[in-house]
Structure formats: structure tokens, C-alpha cells
Chemist: 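Have a look at this one.
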2 protein chains.
Amino acid sequence: MSKLLKSYDRSRIPLYIQVASVMRQRIQSGQWAPGQRISTLEELEREFQVARVTVRQAIAVLQEEGLLHAQQGRGTYVSDLTPSRHWFKLETTWDELIESIRDNVPQQMTLEQDVPPPPLQPNDGQAAAHYVRLRSVQYRDNEPYSLVNLHLAQHIFELDPKRFMRSPALPAIAALSQVKVAYAHQTLVIGSADPETADRMMVAIGAPTAECHCVVIDETGTAIYVADIIYRSDCIKLQIDLLGNGPAPGRAAPAKPPRRPKAKQS
Amino acid sequence: MSKLLKSYDRSRIPLYIQVASVMRQRIQSGQWAPGQRISTLEELEREFQVARVTVRQAIAVLQEEGLLHAQQGRGTYVSDLTPSRHWFKLETTWDELIESIRDNVPQQMTLEQDVPPPPLQPNDGQAAAHYVRLRSVQYRDNEPYSLVNLHLAQHIFELDPKRFMRSPALPAIAALSQVKVAYAHQTLVIGSADPETADRMMVAIGAPTAECHCVVIDETGTAIYVADIIYRSDCIKLQIDLLGNGPAPGRAAPAKPPRRPKAKQS
DNA sequence: CTCAATTTGTTCGTATGTATG
DNA sequence: ACATACATACGAACAAATTGA
């Protein structure tokens, strides 16, 4: 038996979906380039060690997703326009993070006053006396890609309620001269969508997600901003500069990009 | 109809697996605590809007995983020992990264000489003249959790072939006084296991993975180390210090925690 | 100890989905 | 396209174990 059939025992997921997911991976990784003709049904049958109909079911799945189109007598081709993945760069420093989300527009913002404090991890500082809870959804091209569940210390929220209700909170906090940010950190794990998340983000239940837990602590050690943000897994990308001396000079880039030429702290 | 049934149309994955994945999430998130008795079959039927048999299939899945145990007449209980998740911290600075993998022991190391250069991203510098390819598997408790596919510049490899063959390459490079590391970065995206990955890491085909692309560039702008590392998604956790001034002082910790607070002071 | 309530375990019939050759 | 086999899912009824009154 083939490797795939052995793995099938491990997974319980219908075979044609597994085949489809392997083929999807090949398209998205570029191993099957846009416009290219892929292997014939017979070759795919042999490669995956499955029946012809199963291959066709897998192809049907990818046709519905717009990644493939099959033509009788000619063959099966990869679509020219494959949707871009990993377009959302999750920044790893305070300044870049603020900058990257400055112009985001949160949708479906809801506010709850006087909510219980958020669950805090060991390094998340101490809870504030009162929190408000802001929930919102981020969209791109009319498609939701992240859910924000934010606990904001009430005394911070009241410094500029209108702004917090209509624009991202982190830039708003950075703009508040009264507030001194002492520590800020973020953790990321890979999870899977529960029914509510799946529904709000329009993905399947159990689809992989990136779960970010972002905490901002003021000079008194109080967690003034505690956000749990869930991203679709296929849109996110992290870029980590291990030495902290900026990216390597690119092909046509100048030899010495000393820092970030963008905006300076104000 | 319920949210779950609507989402089911979107997913094509068997219903009982979706139910199981929601229940698994609840256990792993602590919403269902270890030892706790969970809702009765009838309540779960109503909540998920599925038939009794479907709930039981989901429970059977989680029983096989050791997360639940059911007892006739009494109820269904969460196991006391639920396996730990996210135990692998992927460090985000050079020094911490080196330190964290120093004592790892790669298994099943294979070497290929004179391989074609690795695919390089725009900021990955220039390819070296010759590369060797080292592949290995990382284990914990006899379970594989990551696959390493490393392209190492041949002239670097030859500085200490024996060490590169039996211990992690990054600490080995850091230890080489002849080598000056100018840039080092890492990108992370979420992918899914292809058949070979699934087989070597003993997960299902299509299971989510964390794909790391780590590049080390020397002072001549040459990519001397290009690693593509695939982790199981459920073991990995990133911790990003946005301000770069260390973690916030913990509850019982002194104001200046020197490094790793292994032992706690009370 | 028995009874009743509660809860999981099992079985049947039916319909649809998945996979093979 | 067809015939076959097995998996998935439903609803309903019944059986068996546990608990407490």
C-alpha cells in the first residue's frame, strides 16, 4: 500500500479531501505553476494510489475554489490567478506594529462596559480595576481575516472613547502622551476555529488559526491592553530579524539601510 | 438549523470530527477542566444539533486520544493528565535561539554533497558556490516534532563536518571564530503537511504545520545557512517582546530578572 | 433493598456520502 | 455509468450501569 493510504488510516478525513489538500499545497507553493498543465488523471491515480473517481473528486474541489480548470480532451490546468497567501505581515517590534496597523479600520465594533478582567498569563502584569471589552472584525476585500477581542483598562478607554471606538487601539495608546508604555509583548500559537470563530470568519470549523495574545503594560505594572486576536492561518506571515540590525541589503538596495526610513517616534 | 450545520456545508469534513475538534479545543483551553464531568449526551445533542450517535463518535475519538473517558450510568469525564501543548518556544533573537537549541540532538541525519542551491527570497542574500544538504528529525519523548531541511554552504560545512553531522548547525556556526554572521532572519507561515511530511512526523495529511525559513548571511552577503524547518503546529509557541526590554517583572519576581527564571523564589 | 431517575451503551432502519474496480 | 462495499448521519427505541431517595 502507498504512504498515502497508510496515512489515511491516521487521519479519518475523506481521501479525496486529502488528495485535494496535497494538490492545493502544490499549487500554492508554486510547485505547480499558474497556467501549467498538471499530470493526467492516470498519472495522478498511480501517484496517489487511489481510484480515478477519487482524483476527479479532488479536482472538483479545487475547481470550485478556482485553483484548477479541467478541459475534456486537453487536460487539467492551474488557474492563472491564484489568490495571494501570507499577505499579512505580523510585525515584531512596537514601532513597526503601530505603523502597520495605523490605517486599519475595524468593523462591527462592539463595546461592553464593566466586564470581568481578562485571563492573564504569568508575565502579563497585574489586572486593572476596571475594563471595557471591545470586539471587532478586520476585513480585506470584503473578506474577514481576523477577530479582535480586546480588554482595555477603563481609565485608558475614557481618555479618548471616540477614537478607541473607530480606530485600532494600539496606535491610539501610542498617541496618548499621558500613558507610558513600560512593557509590551505578544505570543502566538496555532489553534483551530471553534464554531463561533468559524462562523464570523467564514471558514470551516476546525480550520487552523493563528491566535495572538498581545499585552501592553504601563509603568505601574498594570495590563492596560490585553488583546486576543485570531487570524486566518493562510493570510499571516511572521518575519523575525534575529540580530536586530535590519534586513540584509537587497539586490537593488543601498548598502547601508541604518534603521527604518519610515516614521520616527514623535 | 444550527451554526454548526451551516458551517458543516462549508467544510466537507465529517461532522463527528468537527464536533470532536470543538470538544478537544475546550479541553485544551481549560474550558473543560481535568477531572470535570462534561455535559450529558442529551445536552451535547441539543447544543451541537446532531444525533446521539454522532456525539458518541466524537467522544470515541477523544477517548482514543486519552482526553476523555466515559462510564455507563455515571457520565463522561475529562482525563486528569491532558498532554501539554505549545511546549516548544521558538526564540526570536539570535542569542536565545542558539541557547535554546544548543543541546538538541538531531536524529536520522542524512548528508548530500554538491546539491543545487536552495530557493532564496529577496532578502536572503546571494547563493554560495556550493552547498551540502543536511536533513534531520527532532524528537521529544520518542515522538517526532520537527523536520529540518538545511542547505549549508560547503566551505562552512568543511570547517567542522563531524560537528555539523551530529549537533545543531546554528550553535556550530556561532562557535566558528572564522565566520562572521552579518544578518540572520527567520520567517514563519502556517502550512499543511504533505504526504512525506505527514509520514515522517506521524500526523495526518493536511494537518497544520509551522513552516520556518531561517537564513544566515555572512559579511560578504552570502547565504551560508538556509534552513526550512517544519514543526507540528500543536507544539510550537512564539513569544515576541515588542519593546525589546525584556519581560515585565513577574508576580513574585525581583525587578531585574537576570535571564531564565528556572527556579521560582517564594 | 427496591424503585426511579439519570446517564451511557447498543441496535435497528433508512438515507446519503465516499471509494473501489 | 454502474454495481458493490463501507462510512457517515439521523431518529428512535431499548439495554445496562450508577446513584440516591
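Throughout, a chain's letter reflects where its sequence line sits, starting with A, and its residues are numbered from 1. Only this structure's heavy atoms are used, side chains among them; waters, hydrogens and symmetry mates stay out.
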Chemist: Can you figure out which of C:dT10, D:dG11, D:dA17 approaches the side chain of B:Gln72 most closely?
Modeler: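 When the side chain of B:Gln72 is considered, D:dA17 is the closest of C:dT10, D:dG11, D:dA17.
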
Chemist: Figure out the CZ/C1' separation between A:Arg12 and D:dA9, and round it to whole Å.
Modeler: 16 Å

Chemist: Is any side-chain heavy atom of A:Val137 closer than 4.5 Å to one of A:Arg200?
Modeler: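 A side-chain contact exists here, since the closest heavy-atom pair is under 4.5 Å.
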
Chemist: Partner lookup for D:dA1, please. Criteria are Watson-Crick or G-U wobble with both distances under 3.5 angstrom; report none if nothing qualifies.
Modeler: none

Chemist: Can you sort out which residues in residues 73-82 of chain B have a heavy atom within less than 4.0 Å of DNA chain D? Ascending by number, please.
Modeler: B:Gly73, B:Arg74

Chemist: Please report, rounded to the nearest Å, how far the C1' atom of D:dA12 is from the CD atom of B:Glu45.
Modeler: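 After rounding, the gap between these two atoms is 11 Å.
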
Chemist: Classify the nucleic acid contact of B:Arg37 as base, sugar-phosphate or nothing, counting any heavy atom under 4.0 Å across all strands shown.
Modeler: sugar-phosphate

Chemist: With a 3.5 Å distance limit and no angle check, can you tell me whether B:Ser233 reaches the backbone of B:Pro208 through a side-chain donor-acceptor pair?
Modeler: yes

Chemist: Using a heavy-atom cut-off of 4.0 Å across all strands, would you classify B:Gln71 as base, sugar-phosphate, or nothing?
Modeler: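 Sugar-phosphate, backbone atoms only, no base.
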
Chemist: Verify the contact: side-chain N or O of B:Arg52 to OP1 or OP2 of C:dT10, cut-off strictly under 4.0 Å; return yes or no.
Modeler: no

Chemist: Tell me whether A:Asp124 contacts the main-chain N or O of A:Gln121 through its side chain, where contact means a donor paired with an acceptor under 3.5 Å.
Modeler: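 Answer holds: yes.
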
Chemist: Using modelled atom types and a 3.5 Å cut-off, is there a donor and acceptor pairing between side-chain atoms of A:Ser79 and backbone atoms of A:Gly66?
Modeler: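 Answer holds: yes.
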
Chemist: Nearest whole angstrom, please: distance from the C1' of C:dT7 to the CD1 of B:Ile59.
Modeler: 11 Å

Chemist: Are A:Trp87 and A:Tyr145 close enough that their ring centers fall under 6.0 Å?
Modeler: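 Yes.
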
Chemist: Of the options D:dG11, D:dT8, C:dT8, whose atoms approach the side-chain atoms of B:Gln57 most closely?
Modeler: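 Of the candidates, D:dT8 comes closest.
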
Chemist: What integer distance in Å separates B:Arg46:CZ from D:dG11:P?
Modeler: 13 Å

Chemist: Where do A:Ser39 and A:Glu47 land on the side-chain hydrogen bond (donor to acceptor under 3.5 Å, both in side chains) test, with the steps shown first?
Modeler: CA-CA 10 Å; A:Ser39 320; A:Glu47 180 184 355; 5.1 Å; no

Chemist: To the nearest Å, how far apart are A:Leu15 CG and D:dC6 C1'?
Modeler: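 Those two atoms, CG and C1', are 13 Å apart.
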
Chemist: Salt bridge or not for B:Arg56 and B:Glu45, using N-O below 4.0 Å?
Modeler: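 So B:Arg56 does not pair with B:Glu45 through a salt bridge.
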
Chemist: Using atom CG of A:Leu41 as one end and atom C1' of C:dA19 as the other, report the distance to the nearest whole Å.
Modeler: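 Spelled out: CG on A:Leu41 to C1' on C:dA19 is 16 Å.
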
Chemist: Give a yes/no answer on whether the side chain of B:Thr54 brings an N or O atom under 4.0 Å of OP1 or OP2 in D:dT8.
Modeler: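 Answer is no, no contact under 4.0 Å.
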
Chemist: Among D:dC10, C:dG21, C:dG9, find the nucleotide with the atom closest to the side chain of A:Val53.
Modeler: C:dG21

